[in-house]
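Chain A is the first sequence line, chain B the second, and so forth, proteins listed ahead of strands; every chain is numbered from 1. Worth saying up front: this structure is predicted, and the values here are computed from it rather than measured.
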There are 2 protein chains.
Amino acid sequence: MAALPEILARGGARWDSPARTGSGIMSERRTGWEGNIRVDDRVPRPPAATLADVAAAAGVGESTVSRVLRSHGSFSPKTRERVMAAAARLGYVPNRIAGTLASSGSKLVGIVIPSLANIVFPDVLRGASQSLEADGYQPVIAVSEYDPLREEQSIAAMLAWRPAALMVAGLEHTAQARALMASSGTRIIELMDLDGPSIHLAVGYSNLEVGRASARHLLARGYRRIAYVGHDLAADTRAAKRLAGFEQVLREQGLALQDRETVAAPTSVEAGQAGLERVLARAKGVEAVYFSNDDMAFGGYFLCLSRGIVLPEKLALFGFNGLAIGRVLPQPLSTIRTPRVEIGAAAARLAVAPFTCDPPPDPRLDLGFELVPGGTA
Amino acid sequence: MAALPEILARGGARWDSPARTGSGIMSERRTGWEGNIRVDDRVPRPPAATLADVAAAAGVGESTVSRVLRSHGSFSPKTRERVMAAAARLGYVPNRIAGTLASSGSKLVGIVIPSLANIVFPDVLRGASQSLEADGYQPVIAVSEYDPLREEQSIAAMLAWRPAALMVAGLEHTAQARALMASSGTRIIELMDLDGPSIHLAVGYSNLEVGRASARHLLARGYRRIAYVGHDLAADTRAAKRLAGFEQVLREQGLALQDRETVAAPTSVEAGQAGLERVLARAKGVEAVYFSNDDMAFGGYFLCLSRGIVLPEKLALFGFNGLAIGRVLPQPLSTIRTPRVEIGAAAARLAVAPFTCDPPPDPRLDLGFELVPGGTA
DNA sequence: TTGAAAGCGCTAACAG
DNA sequence: CTGTTAGCGCTTTCAA
């Protein structure tokens, strides 16, 4: 690794002295800081206090300290006092690494998600982290960027921490990843998709069904000449499933997609805008556009706004996810809302729940979705 | 904890049999699954292979296996072969818990952030996780929901994992939290704020300066009757600093905020909309509105759009963050863009970098910000 | 190049 | 109610 100057150079950044910033409302209290941290940094730090140190300081055995600190087992009130006092005095912070190794029961839960580029997976994380924290667990996260190989590596890395459970987005994984998860002895919870076999448990909704519902809605509103604008489908299998469901319903009505623009990029408002632009340029009298998700649809929405294309009379738009911003638009976006936070929370509960009964075969928790009619389709 | 049925009841959810969903494009391959997982679930799982198992299987000593697997130290090519083969055969996954305890060098980096409710901190996480992963580290995250006490608890919990470093948003923490961090021996990196003293390292930008720049911009454009619409400021000290900087510049020009609406809720588009609604209801001839961030500003933007308020002639809007969606609006939002992903990445580099020289006193990495003139102010 | 042995800091029996 | 004693699975000297 590099020395500090190199690190900074890499980022093209610079160190400021405190004088350069922060000269405003906040007082600097430099003295306290200097008298504190600098000294600590220079003096070789004494090794952190261990349970044995606390035991010695309190004049009791190690196991007693352990029992008191975890309020597990029995001990007298006065022993408790002395242990707590000693621990506080020494600034003792228990070492979970050691605790986990000894008890062979980790309080870590691995979460492998494909992306942090929009609010979708942060929502899932939020639900999970809230629920996990309440139970004393901690989420370790990894982002695969929709790359199956990176996902596989992340899964292997997570498993090395012997987590209590592993949450992974989607049902599609490399064969190696599936094998790893299946034989790991770790409870595996797959998220956001129910269309296919799961390893242990799956929590989410059916993307196929989402696509079908979207198509039914557009057809019911009388739209027939429908185009699709999506992002990179090879990577996002759930978006692919939605489209498959959508086309299935069209097919059942003897219809087909009028046009189909797949932007070779991750999902984004810019991609949605560019995609719709291209569809409009090909001008085939398209009446409605089904977007791979809300972000893409927002791009389309604002393009219409800029061009004065009246929604939904001249063009109808339909998205997916039900993001908050879609609800405050002058005309709320027609879309499908998914219970993302709830999915995260439910997955977390399943992750830490001791199963007192055998789970049913191939159990899947369907949290459903809600079609939001909106005003754009 | 509860039995499975209870867990499901809590969430009001239901288990579906596979037949209910997934009957579409995906084939079910139930047999393989049944012949696989169900069996594994019923037979008491053999304990995971350990290093000792691999050593025995390969007919070598444990330390040899350890050396080979970490490609550290010396061993003959043929020994390597046999070890690798044995490891693969046993499906060996190294136990990082044990490894970390033995080597007293964790590959975990703690990240404590206040919120996952908008894209801001996910962006930081994205930068961090990308950079961390490249160096073989894993992020453990905790969300404080802007609650200092929860932050303190999260920090304590993270420290218990003896992480290589700890990243925390902001410079304001409880005294207890500061003490914990300062005496932990763990490298502490504070994010997204430079206005005040840091514990070890700080990476971000000056919120005070952001507020000042915003005010200067609005003044330069000729706006004088300016209102502020923000979210819960007690919790979000960085938003408070921006406002402080903003008001400071106004004061310097002998001006003051015309109106000030603080929605008692976390940041959201809805809150921004509600806030602006109230400001407009008080009708004081406000010319421009400074929002606590882009999400809030979007709420205001769409309110104006709905009401036919012409931007920026009738009302000017200014945000903060520089979110992607603001750039595709019919009139791009005037705002200040911050290098969030870069902040996460830089923090991650600093987290894992071995300092070969003493860091300068109170070092702070100023990644700056960029004023985006936009079209709304 | 290799193996034996001593921990890392804690938990979990098991005696007292 | 409390202390002693083994490990948990790995890394790391230190000899061989």
Checklist entry - How far does OG of S154(B) sit from CD of E151(B), to the nearest 0.5 angstrom? => result 7.5 Å
Item to check | Residue pair V143(B) / S129(A): nearest heavy atoms and the distance that separates them | outcome: CG2-OG, 3.6 Å
Round to the nearest Å and state the distance from [X] atom [atom1] to [N] atom [atom2].
X	N	atom1	atom2	answer
E62(A)	dA15(C)	CD	P	20 Å
R67(A)	dC10(C)	CZ	C1'	13 Å
F75(A)	dG16(C)	CZ	C1'	20 Å

Checklist entry - Side-chain N or O of T50(A) less than 4.0 angstrom from OP1 or OP2 on dC8(C)? => result no
Next on the checklist: Looking at G99(B), is its backbone amide N or carbonyl O close enough to the side chain of S103(B) to form a donor-acceptor pair, meaning the two atoms are under 3.5 Å apart?
Outcome noted: yes
Checklist entry - With a non-hydrogen cut-off below 4.0 angstrom, is S63(A) in contact with a base, only sugar-phosphate, or nothing? => result base
Next on the checklist: Less than 3.5 Å apart, any donor N or O on the side chain of R67(B) or S63(B) sitting next to an acceptor on the other?
Outcome noted: yes
Checklist entry - Which one, dT1(C), dG3(C), dC10(C), comes nearest to the side chain of S74(B)? => result dT1(C)
Checklist entry - Are W161(A) and T100(A) close enough, and set up right, to give a side-chain contact (heavy atoms from CB on, under 4.5 Å), and what steps lead you there? => result CA-CA 10 Å; W161(A) 287 103; T100(A) 300; over 6 Å; no
Checklist entry - Does the side-chain contact (heavy atoms from CB on, under 4.5 Å) test come out yes or no for L101(B) and I97(B), once each step is laid out? => result CA-CA 6 Å; L101(B) 182 59; I97(B) 300 278; 5.8 Å; no
Checklist outcome for this item: By nearest-nucleotide position on DNA chain C, the 5'-leaning member of T79(B) and R162(B) is T79(B)
Checklist entry - Got Y92(B) and L69(B) here, is their nearest side-chain heavy-atom distance under 4.5 Å? => result yes
Checklist entry - Would L365(A) and L201(A) count as a side-chain contact (heavy atoms from CB on, under 4.5 Å) if you check the C-alpha gap in whole Å, the side-chain angles of each, and the deciding distance to 0.1 Å? => result CA-CA 8 Å; L365(A) 185 53; L201(A) 306 167; over 6 Å; no
Checklist entry - For DNA chain D, which residues in residues 87-109 of chain A have a heavy atom at a distance below 4.0 Å? => result L101(A), A102(A)
Checklist entry - Could you give the start and end, 5' to 3', of the contact zone on DNA chain D for chain A, using atoms under 4.0 Å from its heavy atoms? => result dC1(D) to dG9(D)
